[in-house]
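Before any comments, here is the structure.
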Amino acid sequence: MVVSLSTRLLNITIVSFCKAQQLQKAEVALIDAIRLGILPDVVTYNQLIDGYCRLVSLESGYDVVRRMCIAGIKPDSVTFNSLIARATHQNQLSRALDLFEEMFQWGVSPDLWSYNNLMHCLFKLGRPDDAYRVLNDIIVNDLSPSRATCNIMINGLCKNGYTNNALNYFRNLQRYGFVPGVMTYNILINGLCKARRLNAASRLLKELVESGQSPNAATYTTIMKSFFRFNKLEEGLAIFALMRSKGYTFDGFAYCTVSGALIKRGRLVEANDLMAQMTRDGIELDTLSYNTKINLRCREGKFEDAYQLLDELEKSGLECDVYTHSIIVDGMCKAGDLEGAQRHLQYMGSLGFKSTLVALNCIVNGLCKVGDVDRAMALFESMETRDDFTYAIIVHNLCKARRYKKASKILFSWVKSGLKVLRSCQRAVLDGLRDSGYITDAKKLQSKIWKARMLRY
DNA sequence: ATAGGGTTAG
């Protein structure tokens, strides 16, 4: 009795150190306890494993599993769930499946958490069919899907383009007595907004309110963003005002989102006012707010001010991120200072930023805008990773320069890359080819694209 | 645990 009480105290100590992100101290507590003759149990180790998985890495968590086995304690489903959560969070599917296998070998059955994580991972990897198979596994294994399971299903279906299936699934669940919460509604509203089905989204919003629940910050942000996406600035601003009146603008994120939308449309004065208002409302600046302010100064052409903000950001103990530098590189490109942009890109590299893709895209775009499509092409060819933005910039500008043959080659490699292809770019190339007399080439390109798309699946 | 949210193209 005395021993088990001490173990409980040890566990409370360990979990609070893990929550405070102090693994060293948790380890010391464990050693001290053992020295006093207090024996750790499965809970002790599970807490430590979870801490290592969350704060350090999957491998470091797994090391604790080894220690636990040496100590003669058998892992349980909670042990594996921490490891599986970390693996699936990093989209390491095969690692997660290895853990399932190992779990079976220990004679431990996966529980609902294990399956939920696996489902989520499969959806993120764009494999909705396999995720659906996991849902079947849940039912076959006599586990009942939880609210989280349903949300993961609905979200996964939406994210993979099956908005209608998500909606049908949702309605079926309701028929079986499922009472959706705000999160479920948010997932669907977001899915419908992204699928440009605003009427269906607003019907669900109405349903949410009629169910006696209140929309939350996420609901409002989703709706506001979709207004901005469809260029309905005033409607978006009205939502922002509503958020403010309800106190959902406490973290400054909404301010920055609205400012970003204003900056994009060149309404710099209003963006300035808004950022000032944010300060007046007593919201502290974080990296995001600094980035927004830097973006604003760059667009105003005040690069000294932008650099001063950068300085201030670092002095206040915050850290610049990849956005900060991409914003500066883009700002210089937009101001026509390609040399400055290249210089800042190098600086960014020297700071150890691995992903310079967005900054490179900005420079490719900047080179095109000052009429140097050849240098833009050279940079494009030298890039080791490209995304849909990279291709869109190059293809669009080659078309603008009426270099349709080159554009059609790049468009084709774009299709083959599997990245999302902008319809406007594809049309520009095909129309361009036809209008300049290359009718056969246009037809050939079209059939090649068709075939490449078919071959992908 | 699972919803939203900042940089680049059109």
Side-chain angles (χ1 to χ4, degrees), chain A residues 50 54 81-82 84-86 88-89 112-121 123-124 146-156 158-159 180-191 193-194 215-226 228 243 248-249 251-261 263-264 286-296 298-299 321-331 333-334 341 355-366 368-369 387-397 399-400 420-428:
Chain A
D50 195 59
R54 280 177 201 280
N81 282 341
S82 294
I84 289 169
R86 175 76 189 206
T88 53
H89 191 72
L112 195 60
W113 271 43
S114 334
Y115 286 119
N116 281 351
N117 274 314
L118 186 60
M119 253 177 72
H120 188 214
C121 181
F123 272 128
K124 275 194 295 180
S146 65
R147 184 169 282 274
T149 317
C150 299
N151 287 339
I152 291 168
M153 266 301 286
I154 296 171
N155 184 44
C158 285
K159 291 275 158 68
V182 180
M183 194 182 281
T184 314
Y185 279 111
N186 284 350
I187 290 169
L188 275 167
I189 290 170
N190 183 44
C193 283
K194 291 244 161 92
N216 61 17
T219 325
Y220 287 117
T221 316
T222 303
I223 295 167
M224 189 171 77
K225 280 293 288 183
S226 86
F228 291 149
M243 284 181 80
Y248 285 137
T249 49
D251 61 356
F253 219 112
Y255 286 92
C256 293
T257 306
V258 177
S259 294
I263 293 168
K264 205 169 237 168
D286 56 5
T287 303
L288 167 64
S289 343
Y290 270 110
N291 287 349
T292 308
K293 286 179 108 174
I294 290 171
N295 195 12
L296 196 49
C298 286
R299 292 300 181 95
D321 57 12
V322 68
Y323 290 98
T324 322
H325 296 292
S326 306
I327 285 167
I328 294 173
V329 169
D330 185 48
C333 287
K334 288 225 158 53
S355 174
T356 50
L357 178 59
V358 173
L360 280 167
N361 284 347
C362 294
I363 294 179
V364 172
N365 187 45
C368 290
K369 287 286 173 297
D387 63 3
D388 46 343
F389 278 79
T390 328
Y391 282 104
I393 291 162
I394 276 293
V395 170
H396 174 251
N397 282 288
C399 287
K400 233 172 114 184
K420 189 177 147 238
V421 177
L422 278 196
R423 293 200 70 79
S424 59
C425 283
Q426 186 175 327
R427 216 181 32 236

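Reminder, nothing fancy here: chain letters follow the sequence lines and each chain counts from 1.
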May I ask you to say what [X] touches in the nucleic acid, namely base, sugar-phosphate or nothing, with a heavy-atom cut-off under 4.0 Å?
X	answer
A:D321	base
A:C256	nothing
A:N397	nothing
A:I187	sugar-phosphate
A:K293	nothing
A:A148	base
A:D251	base
A:T292	nothing
A:K334	sugar-phosphate
A:I327	sugar-phosphate
A:A217	base
A:K369	sugar-phosphate

[X] side chain, from C-beta outward: closest of [options]:
X	options	answer
A:N116	B:dT7, B:dA1, B:dG5	B:dA1
A:N365	B:dG6, B:dA9, B:dT2	B:dA9
A:D387	B:dG5, B:dA1, B:dT8	B:dT8
A:N291	B:dG4, B:dG6, B:dA9	B:dG6
A:N361	B:dT8, B:dT7, B:dG4	B:dT8
A:M183	B:dG5, B:dT2, B:dT7	B:dT2
A:F389	B:dG4, B:dG10, B:dT8	B:dT8

Any [X] side-chain nitrogen or oxygen under 4.0 Å from OP1 or OP2 of [N]:
X	N	result
A:K420	B:dG10	no
A:H396	B:dA9	no
A:K159	B:dT2	no
A:R299	B:dT7	no
A:K264	B:dT8	yes

> Who pairs with A:K124 by side chain to side chain donor-acceptor pair (under 3.5 Å), at least two apart in sequence or on another chain?
Replying inline: A:N91
> Between the side chains of A:D387 and A:N361, is a donor N or O closer than 3.5 angstrom to an acceptor N or O?
Replying inline: yes
>> When you measure from the side chain of A:T149 to the backbone of A:S146, do you find a donor-acceptor pair of N or O atoms at a distance under 3.5 Å?
In response: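 Yes, the answer is positive, given that a donor and an acceptor are paired below the 3.5 Å cut-off.
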>> I'd like to know whether A:T222 forms a side-chain contact (heavy atoms from CB on, under 4.5 Å) with A:N186, so could you lay out the CA-CA distance, the side-chain angles of the two residues, the decisive distance to 0.1 Å, and finally the verdict.
In response: CA-CA 8 Å; A:T222 303; A:N186 284 350; 5.6 Å; no
> Are the ring of A:Y323 and the six-membered base ring of B:dT7 within the stacking cut-offs of under 5.5 Å and under 30°?
Replying inline: no
>> Distance check needed: B:dG6 C1' versus A:D286 CG, whole Å only.
In response: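 That distance rounds to 10 Å.
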>> Surrounding CZ of A:R147 (heavy atoms of other residues, nucleotides or ligands, distance under 6.0 Å), is the total greater than 12?
In response: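 Buried by this count: over 12 neighbours within 6.0 Å.
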